Amino acid sequence: MGAVLIVAHGQPSDPGPAEAALADLAGRVAGHLPGWAVGSATLAAPGALAAAVARLGAGLRVFPMFMAGGWFTRVHLPGQLAKAGATGWQMLEPFGCLEAVQELAVQIVHETGAAEAIIAAHGSFKSPVPAAIAARVAARVAARGLRVETGFIDQGPQLATLTGFGAGAVCLPFFAAEGGHVQDDIPAALSTAGFQGRLLPALGLDPRVPGIIAEAVVQDRKVCDGACRWG
């Protein structure tokens with residue numbers, strides 16, 4: 001037993017809704033972790049991280065609700081935790097790096113019965129890691145016999161360039177939450193591409209996610225596991 005803090009980027013332009021959504025997720029994760037103290041904070045909400053750290057105390061397990069490891073988990077988040085007064089914490093593997101999360105993405109697409117799919121991800125101009133994770137998921141989807149492509153918001157191939165997907169296609173946002181990218185940027189890019197299929201909810205909204213996070217906490221999946229594989 002112990003304490004776990006779920007941390008997400010949040011929405012700087014409007015931090016309230018994302019903060020509330022993450023708190024709701026933390027409550028559902030707590031339902032799978034009897035005896036644990038489970039808290040949450042977005043980096044975009046002023047004072048949220050410090051308040052959560054003060055409430056949960058020392059020796060936290062920090063679960064990054066991020067789609068990839070890298071600078072945020074190695075540098076930025078540890079720095080923010082230090083500023084918030086956290087001591088004795090350990091970083092767990094980010095959400096998107098978890099094997100169970102990647103397999104869930106594949107399963108969601110498979111459950112739709114679609115013959116073709118797009119994996120929509122954020123991507124990065126600075127690191128190959130987010131694209132590598134999305135490509136790994138896409139390869140697993142393709143192994144089930146689907147035509148699949150990955151499209152990105154922040155790198156090539158841009159989502160708006162993926163043409164030729166008909167009414168039987170689905171697009172899965174490989175995102176942890178439903179922020180501006182999922183609500184606005186992805187639908188706009190798909191419209192530009194002439195996408196005729198169905199846009200699915202963000203991966204992080206699937207009802208199986210709280211159980212997966214709880215299992216990762218119990219297994220003590222430290223960040224080195226994900227960082228070593230994904231940068």
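Only a predicted model underlies this, so the values are computations on that prediction, with no experimental measurement involved.
Scanning all heavy atoms of the two residues, the minimum distance from F66 to V7 falls at CE2-O, 3.7 Å. In plain terms, the two heavy atoms of L56 and V4 that are nearest each other are CD1-O, 3.7 Å. Listed here is the closest heavy atom pair of I186 and C171: CG2-SG, 4.4 Å. Nearest heavy-atom pair across G123 and D154 is O-CB, 3.8 Å. The shortest heavy-atom contact between P15 and P12 is CD-O, 3.7 Å. Listed here is the closest heavy atom pair of A84 and A50: CB-CA, 3.7 Å.
A side chain to side chain contact (heavy atoms under 4.5 Å, CB included) with I118 is found for one member of T150, L162, V141 and no other, namely L162. Among L81, L92, I6, V53, the one residue that satisfies the side chain to side chain contact (heavy atoms under 4.5 Å, CB included) test with V62 is L81.
At a threshold of 4.5 Å between non-hydrogen side-chain atoms, the residues K126 and W71 do not count as touching. Between I108 and V170 there is no side-chain heavy-atom pair separated by less than 4.5 Å. At least one side-chain heavy atom of L199 sits less than 4.5 Å from a side-chain heavy atom of P173. Residues V209 and M65 form a side-chain contact, since some pair of their non-hydrogen atoms from C-beta on lies under 4.5 Å apart. M91 places a side-chain heavy atom less than 4.5 Å from the side chain of P64. Taking 4.5 Å as the limit, some side-chain heavy atom of F175 sits within range of a side-chain heavy atom of I153.
Under a hydrophobic clustering in which Ile, Leu, Val, Met, Phe, Trp and Tyr are joined whenever their side-chain heavy atoms come within less than 4.5 Å, directly or via other members, V75 and L43 fall into the same cluster. Following chains of ILVMFWY side-chain contacts shorter than 4.5 Å, one can reach V101 starting from V109, so the two form part of one hydrophobic cluster. A single hydrophobic cluster is seen to contain both M1 and V29, as judged by linkage of ILVMFWY side chains at heavy-atom distances under 4.5 Å, directly or through other members. In this structure, F195 is not a member of the same hydrophobic cluster as V148, with clusters built from ILVMFWY side-chain heavy atoms closer than 4.5 Å. With hydrophobic clusters built from ILVMFWY side chains whose heavy atoms lie under 4.5 angstrom apart, L203 does not share a cluster with L159.
If you take CG on L146 and CZ on R140, they are separated by 15.0 Å, rounding to the nearest 0.5 Å. Residue F152 holds its CZ atom at 10.0 Å from CD of Q158, rounded to the nearest 0.5 Å. With values rounded to the nearest 0.5 angstrom, R198 atom CZ is found 11.0 Å from L172 atom CG. The structure places CD of E93 at 11.5 Å from CG of D220, a figure rounded to the nearest 0.5 Å. From I213, atom CD1 reaches atom NE2 of H32 across 9.5 Å, with rounding to the nearest 0.5 Å. To the nearest 0.5 angstrom, F95 atom CZ is 7.0 Å from L104 atom CG.
A distance-only check finds a donor-acceptor pair linking the side chain of R61 to the backbone of V217 [under 3.5 Å]. No side-chain donor-acceptor contact under 3.5 Å links Q102 to the backbone of I133. Remark: side-chain polar atoms of E116 are not paired, donor with acceptor, to backbone N or O of R147 under 3.5 angstrom. The main-chain N or O of S124 is found under 3.5 Å from a side-chain atom of Q155 such that the two form a donor-acceptor pair.
Judged purely by distance below 3.5 Å, without hydrogens or angles, the side chains of Q219 and E215 pair a donor atom with an acceptor atom.
Contact check on E111 versus R144 returns no salt bridge, with no Lys/Arg side-chain nitrogen under 4.0 Å from an Asp/Glu carboxylate oxygen.
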